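Notes follow once the structure below has been shown.
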Amino acid sequence: AFTGALGPVRWTVLRHIAGADWNAVDGWLDGTQSGKPYRVRFTSWFKRIGGRIVHQIDYVDYDAAKRQVSGSEALPS
């Protein structure tokens, strides 16, 4: 977890898949913005060469977080 401008953020990893060059991780991203909680899914892909990450792709549903903070969408369980 880290604390940034949006408040505390935590990643809950639900699944990790490792291949020869690529790793995939997905789960929940929980945080707060202006004291209001949000909970969205995330997926990250990491390309590894020689044990080092050389490329990373992140998918985060930021629109869902905005809807949850505004109150127009309920937090998923």
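In what follows, every heavy atom counts, from backbone to side chain, and hydrogens, waters and symmetry copies are set aside. Note that the coordinates shown come from a computational prediction; the quantities given were computed from them, not determined experimentally.
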Hits for side chain to side chain donor-acceptor pair (under 3.5 Å) against Thr12, two or more places apart or cross-chain, chain-then-number order -> none

Applying side chain to side chain contact (heavy atoms under 4.5 Å, CB included) to Val13 and not counting sequence neighbours gives Val25, Phe42

- Query: Under a single-linkage definition using a 4.5 Å side-chain heavy-atom cutoff for Ile, Leu, Val, Met, Phe, Trp and Tyr, are Trp11 and Val60 assigned to the same hydrophobic cluster?
  - Reply: yes

Quick check: do Ile17 and Asn23 have side-chain heavy atoms less than 4.5 Å from each other? no

Quick note, salt bridge (charged side-chain N to carboxylate O under 4.0 Å, His left out) partners involving residues 42-70, not counting sequence neighbours, are Arg67-Glu73

Connected to Val54, directly or through other members, by ILVMFWY side-chain contacts below 4.5 Å are Ile49

Contacts of Tyr59 meeting side chain to side chain contact (heavy atoms under 4.5 Å, CB included) (sequence neighbours excluded), chain-then-number -> Thr43, Trp45, Ile57

| said: Using the rule given for side chain to side chain contact (heavy atoms under 4.5 Å, CB included), can you reason through Val40 versus Trp28, listing the C-alpha separation, both sets of side-chain angles and the distance that settles it, and then say yes or no? | reply: CA-CA 6 Å; Val40 296; Trp28 291 107; 5.7 Å; no

Here the salt bridge (charged side-chain N to carboxylate O under 4.0 Å, His left out) pairs for residues 20-46, sequence neighbours left out, are Arg15-Asp26, Asp26-Arg41, Asp30-Arg39

Tightest non-hydrogen contact, residues His55 and Trp22, listed as CD2-CH2, 3.7 Å

